[in-house]
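Data block below; observations after.
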Amino acid sequence: MTSLIGGSRQPFCFLLVLLLCCVSASSLFHAKDPVDGLATCHPSHIQALAQFKSEFDSSSCNQTDYFNGVWCDNTTGVVTKLRLRACLSGTLRPNSSLFSFRHLRYLYLSHNDFTSSSLPSGFGSLNKLEVLSLSFNGFKGQVPSSFSNLSLLSFLDLSQNELTGSFPPIHNLTKLSVLSLSYNHFFGSIPSSLFTMPFLSFLDLRENQLTDSIEVLTSSSSRLQHLLLGHNQFERQILKPISKLITLTNLDLSFLNISYPIDLTVFSSLKSLTYFDLSGNIVSPTSLSSISGIPLSMEELILSGCNIPEFPNMFKTLHNLTFLDLTRNQIKGKLPAWLWSLPFLTTVSLFNNSLSGFEGRAEVLVNSSVQVLSLDSNNFEGALPHLPLSINTFSVERNNFSGNIPLSICNRNSLVVLDLAYNNFTGPIPQCLSNLTTLSLRKNNLEGSLPDVFYAGSSMRLLDVGYNQLTGKLPKSLVNCSSLEFLSVDHNGIEDTFPFWLKDLPGLKVLILRSNKCYGSISPPHQGPLAFPELRIFEISDNNFTGSLSPSYFVNWKTFSDKRNEDGSIYMIYKGKEIREAYAIYAHIDLRYKGLSMEQENVLTFYAAIDFSGNRIEGQIPESIGLLKELIALNLSNNAFTGHIPLSFTNLQELESLDLSRNELSGTIPNGLKTLTFLAYVNVSHNQLKGEIPQGTQITGQPKSSFEGNVGLCGLPLVESCFGTNVPPTQQPEEEEKDNEVLSWKAVVIGYGLGVLLGLVIAQVIASYKPEWLVKIIGPNKPKYR
Ligand SMILES: *[C@@H]1O[C@H](CO)[C@@H](O)[C@H](O)[C@H]1NC(C)=O
Ligand SMILES: *[C@@H]1O[C@H](CO)[C@@H](O)[C@H](O)[C@H]1NC(C)=O
Ligand SMILES: *[C@@H]1O[C@H](CO)[C@@H](O)[C@H](O)[C@H]1NC(C)=O
Ligand SMILES: *[C@@H]1O[C@H](CO)[C@@H](O)[C@H](O)[C@H]1NC(C)=O
Ligand SMILES: *[C@@H]1O[C@H](CO)[C@@H](O)[C@H](O)[C@H]1NC(C)=O
Ligand SMILES: *[C@@H]1O[C@H](CO)[C@@H](O)[C@H](O)[C@H]1NC(C)=O
Ligand SMILES: *[C@@H]1O[C@H](CO)[C@@H](O)[C@H](O)[C@H]1NC(C)=O
Ligand SMILES: *[C@@H]1O[C@H](CO)[C@@H](O)[C@H](O)[C@H]1NC(C)=O
Ligand SMILES: *[C@@H]1O[C@H](CO)[C@@H](O)[C@H](O)[C@H]1NC(C)=O
Ligand SMILES: *[C@@H]1O[C@H](CO)[C@@H](O)[C@H](O)[C@H]1NC(C)=O
Ligand SMILES: *[C@@H]1O[C@H](CO)[C@@H](O)[C@H](O)[C@H]1NC(C)=O
Ligand SMILES: *[C@@H]1O[C@H](CO)[C@@H](O)[C@H](O)[C@H]1NC(C)=O
């Protein structure tokens, strides 16, 4: 957020510094730390560097990094090392001055934006290069044959571009130890020469369109340790040659589109294998139960979606196993007791199977070293077992567990994520939640009140107790949860006034009070704006709230618009916008949207939404609602709103669903509504509206029922024509009055300062939290190669 309001970076002038440097290089640059890298450079090379930079838009360069990213030989003054990350933008031309740095040994240009450039053959002239990284750059086309000139390269990374063609010409690159071509469009076969390269130890070819088998001589001198071939289209014949690469420690063969079940015993020769990913391929069940099925050295085993029908008992011999992913199989029966005695096991993920219970006593897990355990979407039933003492993340969403939530969870001091949603737990919520960051108890049968046990410093970020039978008030100690982003208590029997005191939570993004027995005014005591600056999803429908909304009610909602991607994190695209995935909240919500109530699940959505429906709120709809520019759903139906529909609705250009039905609104429907191109659902029925319905395709395509029950509406989709009747045929007479209204709500905004205006881009990602959620928590283990 600060980047938006804090303004642009003010880069000091690059050229000016360079000129200064030419005048007095040593005295200037020895004095200042950030530019030390340039100190030993020859003036002509500094000039060439400036030339190189001027070939691009470098406005997003971190100047400190730019100077830190240059190294010169301290006797000859030539540039030997260049490291520019997330900085340059533009076309890398064949005549670029980059190719004049003939003495470069290290060139790192990742995460720049050379979109649509092809790889210039000039790279072949940099034949002193030992390290070359060009990943994440948007390079297109083929790798030029001149790359075969780079015979000193030991590290070559061309991953995450749009490169195509057959396998690049690397046969002369005999010093290579690391080669990554992943996430491109290379096709055809892998040259067998790769497997005779004396130093190659890391080969990443994932996510290409490589086919065919490979040839590996039994006498192969290969030193390959990491072989990552996932998401290609190899034939089954590739497995046998791979089994000859006996130095392998890490092997990714996921999603190879091999049509026959894979016989795991093929890999029994790989005695050093510690990481093995076969996800998305069918594995032969008999080979899974064979003693020589999986090498005993295995530490991280990923067999997701492999059609495995029962828990493989042979895994009991995998003494060194730390990470086991058997998600999305058809495993039935009970989880074996021996699993919990594997001494180094930390993560077990079994969601989406048909498991029904645990072998052994309720304490069977207690001494396990497991920290992350996910059993979501299985058929577990009965009481919850006692959790491992070391547990950190425990998730059993969508099973049929019942009984009370065991109090033993209260002495699991490292527990931070607890997800018991969609089960049949009964009884009270334990009085020990303060140390959790995520708690979801959604859709159970819990009763009593939400415990008032949140201590100062509580790290709670997500609390969802929706769809239970909770009563009483919202606990005031929630104000201690200064990290809280998501609070949902919907569909319970909570009886309280509106929690204005939650405004002290600086990061609250989602507040859902739907379907409770809350009452009293939703207008803050001082009648000004509702002070929840980060709120995106605000749902208080089906309560007994009263009061009216002041004109400035929505003015200090603000949000981020940070779309930079310096750390290489993934973006998502929503309606053509890039959203940084790091801003996602992973949770379920019910969204009442387009007249339907639906559960958001496995949908990545990005929006703001307001639902006040089914209360007794009166007065005018505040014009300041037009400030919530990224609102996609607004539901004010079933209240007692009066006055006109605000003209500022025209500002809600992202709006997809608008329900104002069953109020006492009068006047005409603002003509500007027809410019809302995403508006797919409108309902203004049962008000006192009159005049012509705005004739835009989004509106006239609605059913008649969306407009009926008004005193004097005419025009499509209603049958009443606006001509020859005594209803006002156009909206002209009111236009001027409305202009004044617009002015007045803008004035209100300006009254609250520029910061508000700048901050008003509402953006939030809401996503269901499985399975991506788990992957995120597992973090340091699983995305090893991402
Ligand atoms: C530039 O990078 C340095 C470290 O490389 C970092 O400390 C500094 O905050 C960055 N500056 C900006 C404006 O991002
Ligand atoms: C040049 O750098 C090398 C290694 O960084 C160092 O050992 C050497 O002393 C330096 N020579 C001079 C003349 O500064
Ligand atoms: C490189 O070539 C482009 C045309 O392709 C030309 O506009 C540009 O001036 C040339 N740059 C240099 C440094 O020669
Ligand atoms: C390859 O390197 C040689 C010098 O070793 C150089 O003369 C030649 O031009 C380079 N080839 C390409 C295609 O750059
Ligand atoms: C690269 O290999 C080819 C044979 O494939 C050979 O003709 C050529 O001379 C080699 N180039 C270098 C620079 O080693
Ligand atoms: C997978 O293989 C089948 C043939 O076995 C082929 O028809 C299909 O196109 C392949 N799928 C992909 C994604 O390449
Ligand atoms: C298990 O790990 C230990 C320590 O890294 C190692 O010494 C041992 O050889 C491994 N066991 C197997 C069967 O590879
Ligand atoms: C579970 O896996 C099946 C296929 O095995 C798939 O159709 C289903 O969508 C998965 N369910 C979840 C919740 O991932
Ligand atoms: C767990 O370990 C403790 C102490 O080592 C032991 O007393 C207890 O019996 C063990 N529990 C189980 C279920 O193995
Ligand atoms: C939930 O548990 C209650 C009693 O504890 C039982 O009556 C009810 O049938 C259970 N519901 C489901 C869906 O299993
Ligand atoms: C919360 O964590 C702190 C420090 O880790 C610990 O001292 C305290 O006992 C924990 N409280 C609960 C209720 O688990
Ligand atoms: C709402 O409040 C009014 C009085 O304040 C009361 O008569 C009514 O029963 C309440 N409705 C519900 C659904 O609680």
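Residue numbers start at 1 and run along the sequence shown. Order of listing sets the numbers, starting from 1, for every ligand and every atom in it.
Between D464 and R442 a salt bridge is recorded (basic side-chain N to carboxylate O distance below 4.0 Å).
Exactly one of L324, T327, L278, N281 qualifies for a side-chain contact (heavy atoms from CB on, under 4.5 Å) with L303. That residue is L278. Considering N445, T426, N492 in turn, N445 is the only one that fulfils the side-chain hydrogen bond (donor to acceptor under 3.5 Å, both in side chains) rule with Q469.
There is a protein heavy atom less than 4.0 angstrom from atom 14 (O) of ligand 9. For atom 2 (O) of ligand 9, a protein non-hydrogen atom is found at a distance below 4.0 Å.
Scanning the protein heavy atoms around atom 8 (C) of ligand 10, the nearest turns out to be N424 ND2, 3.6 Å. Looking from atom 11 (N) of ligand 9 to the surrounding protein, the closest heavy atom is N367 ND2, 2.9 Å. When hydrogens are left out, the protein atom nearest atom 5 (O) of ligand 10 is T426 CG2, 4.1 Å; that is the closest non-hydrogen contact.
Remark: ligand 9 and R361 share no N or O pair separated by less than 3.5 Å (distance only, no angle test). Considering backbone and side-chain N/O of N320, one or more are found under 3.5 Å from N/O of ligand 7.
Those atoms of ligand 9 that come under 4.0 Å of a heavy atom in E363, given as number and element, are 13 (C). Listed by number with element, the atoms of ligand 10 under 4.0 Å from a non-hydrogen atom of N400 are 14 (O). Ligand 7 places these atoms under 4.0 Å from at least one heavy atom of L296: 13 (C).
Between the side chains of D376 and S395, at least one donor-acceptor pair of N or O atoms lies under 3.5 Å.
Ring centers of Y422 and Y467: at least 6.0 Å apart, outside the cut-off.
The local environment of CD in Q225 is crowded, with over 12 non-hydrogen atoms from other residues, nucleotides or ligands closer than 6.0 Å.
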For this session: Starting from the C-alpha separation in whole Å, work towards a yes-or-no answer on side chain to side chain contact (heavy atoms under 4.5 Å, CB included) for F315 and W338.
Result: CA-CA 9 Å; F315 289 5; W338 56 257; 3.6 Å; yes

